[in-house]
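A quick write-up on the structure given underneath.
Hydrogens, waters and symmetry mates play no part in the numbers below; they use all other heavy atoms, side chains included. These numbers come from a predicted model, not from an experiment.
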Amino acid sequence: MVEAWYMDESPDDQRKPHRLEPNHPVGLEQLRQLGVFYWKLDADKYENDPELEKIRKERNYSWMDIITICKDKLPNYEEKIKMFYEEHLHLDDEIRYILDGSGYFDVRDKEDKWIRIFMEKGDMITLPAGIYHRFTLDEKNYTKAMRLFVGEPIWTAYNRPADHFDARGQYMKFLAQIA
């Protein structure tokens with residue numbers, strides 16, 4: 001099962017866990033209240049997984065590709081790692097399925113505090129359009145992930161501040177309804 005927690009404010013290496021002392025864990029229900037959805041799947045059979053196909057059909061995830069994030073496989077690795085870790089939002093949901101390796105997705109809660117979500121093989125997550133977030137590898141420096149999209153893929157990230165976008169306004173309305 002996925003593990004998530006509130007982050008400390010330490011400027012240390014972004015690839016470290018950055019847990020508060022004492023640890024302040026975050027459960028799946030709290031993530032759901034932020035619009036973050038999670039599934040645990042069998043990554044060894046992703047090519048023919050009926051559960052993945054069911055999710056893709058139900059949620060209209062019609063396009064996918066696979067990205068490997070490590071020094072040997074990703075062109076402009078250092079630049080991309082910095083870009084992924086810049087706080088940003090997207091105008092569409094971000095859907096990622098970890099096929100191998102691990103890393104962290106950080107999302108902002110209602111009070112603008114960071115929650116770190118540890119993702120490893122078999123974890124699939126959907127971050128809603130308009131949520132501020134970022135991604136980093138962990139200290140293993142490797143992840144292989146499936147990227148899924150509704151319709152054509154759009155990778156445009158809008159760095160914070162990006163509050164003027166409709167997607168952000170809609171997300172803020174969603175949060176207000178949950179309160």
Side-chain angles (χ1 to χ4, degrees), residues 1-41 43 67-71 74 77-90 92-148 157-163 165 167-179:
M1 198 47 71
V2 74
E3 188 181 5
W5 56 87
Y6 277 95
M7 291 181 70
D8 65 22
E9 299 290 328
S10 168
D12 288 351
D13 185 345
Q14 69 194 38
R15 299 169 308 140
K16 294 187 179 290
H18 288 278
R19 292 177 192 271
L20 287 174
E21 292 292 331
N23 186 34
H24 186 165
V26 174
L28 281 179
E29 183 54 35
Q30 190 173 348
L31 292 176
R32 264 197 253 19
Q33 289 178 3
L34 297 174
V36 175
F37 291 95
Y38 168 82
W39 297 265
K40 184 69 172 183
L41 300 171
I67 183 172
T68 302
I69 305 170
C70 67
K71 279 187 179 164
L74 186 65
Y77 171 81
E78 296 295 338
E79 178 184 312
K80 293 256 174 75
I81 289 296
K82 282 183 183 136
M83 183 180 72
F84 295 158
Y85 199 63
E86 282 287 320
E87 183 175 4
H88 64 276
L89 61 75
H90 300 286
D92 298 297
D93 291 355
E94 180 164 325
I95 307 106
R96 298 294 182 267
Y97 176 19
I98 307 300
L99 302 177
D100 197 16
S102 50
Y104 300 113
F105 275 98
D106 301 336
V107 298
R108 292 281 190 178
D109 75 356
K110 292 178 189 178
E111 284 77 45
D112 217 30
K113 299 205 180 316
W114 281 117
I115 296 172
R116 176 152 276 193
I117 305 166
F118 176 64
M119 301 282 295
E120 60 186 344
K121 185 176 180 177
D123 292 338
M124 184 167 140
I125 195 169
T126 298
L127 304 179
I131 192 173
Y132 283 120
H133 66 282
R134 61 191 182 191
F135 174 81
T136 188
L137 293 173
D138 60 12
E139 293 175 289
K140 295 176 188 160
N141 292 315
Y142 173 80
T143 195
K144 179 179 178 183
M146 179 185 291
R147 302 183 290 189
L148 296 125
Y158 298 95
N159 290 349
R160 191 171 188 171
D163 296 339
F165 287 103
R168 181 66 181 169
Q170 289 172 5
Y171 180 69
M172 295 308 289
K173 280 184 198 166
F174 163 79
L175 287 182
Q177 291 171 351
I178 301 295

Practice item. For G130 and R168, work out which heavy atoms get closest and say how close. Key: O-NH1, 2.9 Å
Review point. Taking it one step at a time, do S10 and D8 satisfy side chain to side chain donor-acceptor pair (under 3.5 Å)?
Key: CA-CA 6 Å; S10 168; D8 65 22; 4.5 Å; no
Check your understanding: Could you give the distance from CD (Q33) to NZ (K110), rounded to the nearest 0.5 Å?
Key -> 5.5 Å
Exercise for review: Examine distances only and state if a side-chain atom of T68 and a backbone atom of A145 form a donor-acceptor pair shorter than 3.5 Å.
Suggested key: no
Exercise for review: Using the side-chain contact (heavy atoms from CB on, under 4.5 Å) rule, take V36 and I115 through it: C-alpha gap first, then chi angles, then the decisive distance, then the call.
Suggested key: CA-CA 11 Å; V36 175; I115 296 172; over 6 Å; no
Check your understanding: Where is the tightest heavy-atom contact between R15 and T136, given as atom of each residue plus distance?
Key -> CG-OG1, 4.0 Å
Point to revise | Heavy-atom pair with the smallest gap, counting every atom of Y104 and Q14 | key: CD1-O, 4.5 Å
Check your understanding: Is the side chain of H18 donor-acceptor paired with the backbone N or O of P11 at a distance under 3.5 Å, no angle test?
Key -> no
Could you list the donor-acceptor pairs under 3.5 angstrom formed by side chains in residues 78-85, with sequence neighbours left out?
residue : atom : partner : partner atom : Å
Y85     : OH   : R134    : NH2          : 3.2

Study note, to complete from the structure: Rounded to the nearest 0.5 Å, the CD atom of E94 sits from the CD1 atom of I125 at a distance of 9.0 Å
Study note, to complete from the structure: Contacts of H88 meeting side chain to side chain donor-acceptor pair (under 3.5 Å) (sequence neighbours excluded), chain-then-number -> H90, H133
Point to revise | Any donor-acceptor pair under 3.5 Å from D93 side chain to I95 backbone | key: no
Point to revise | Side-chain heavy atoms of S102 within contact of K140, under 4.5 Å | key: yes
Exercise for review: Starting at CG of D109, measure out to CG of L175 and round the result to the nearest 0.5 Å.
Suggested key: 9.0 Å
Review point. Taking only residues two or more places apart in sequence or in another chain, which ones pass ring pair (Phe, Tyr, Trp, His ring centres under 6.0 Å) with Y97?
Key: none
**Study point:** Side-chain donor/acceptor of Y142 to backbone N/O of L137, under 3.5 Å
**Key:** no
Check your understanding: When rounded to the nearest 0.5 angstrom, what is the spacing between CD1 in I69 and NZ in K144?
Key -> 12.5 Å
Exercise for review: Indicate the atoms forming the closest heavy-atom contact of R96 with M119, along with that distance.
Suggested key: O-CE, 4.3 Å
Review point. Around E9, counting heavy atoms of other residues, nucleotides and ligands shown, do more than 12 lie under 6.0 Å from its CD?
Key: no
Check your understanding: Is D163 close to Y171 at the side-chain level, that is, under 4.5 Å between some pair of heavy atoms?
Key -> no
Exercise for review: Over all heavy atoms of both residues, which pair between L127 and V107 is shortest? Give the atoms and the distance, please.
Suggested key: CD2-CG1, 3.7 Å
Exercise for review: Check whether the side chains of D123 and Y38 place a donor and an acceptor atom closer than 3.5 Å, and report yes or no.
Suggested key: yes
**Study point:** Exercise: identify the closest heavy-atom pair between L99 and A43
**Key:** O-CB, 3.7 Å
Check your understanding: For the residue pair Y6 and H24, does the interplanar ring angle fall in the parallel (under 30°), tilted (30 to 60°) or perpendicular (over 60°) class?
Key -> tilted
Practice item. Carefully, step by step, assess F174 and I131 under the rule side-chain contact (heavy atoms from CB on, under 4.5 Å). Key: CA-CA 11 Å; F174 163 79; I131 192 173; over 6 Å; no
Practice item. Answer yes or no for R160 and Y132: cation-pi contact, defined as NZ/CZ to six-membered ring centre under 6.0 Å and angle to ring axis within 45°. Key: yes
Check your understanding: Can you tell me how far the CZ atom of F118 sits from the CD1 atom of I98, to the nearest 0.5 Å?
Key -> 9.5 Å
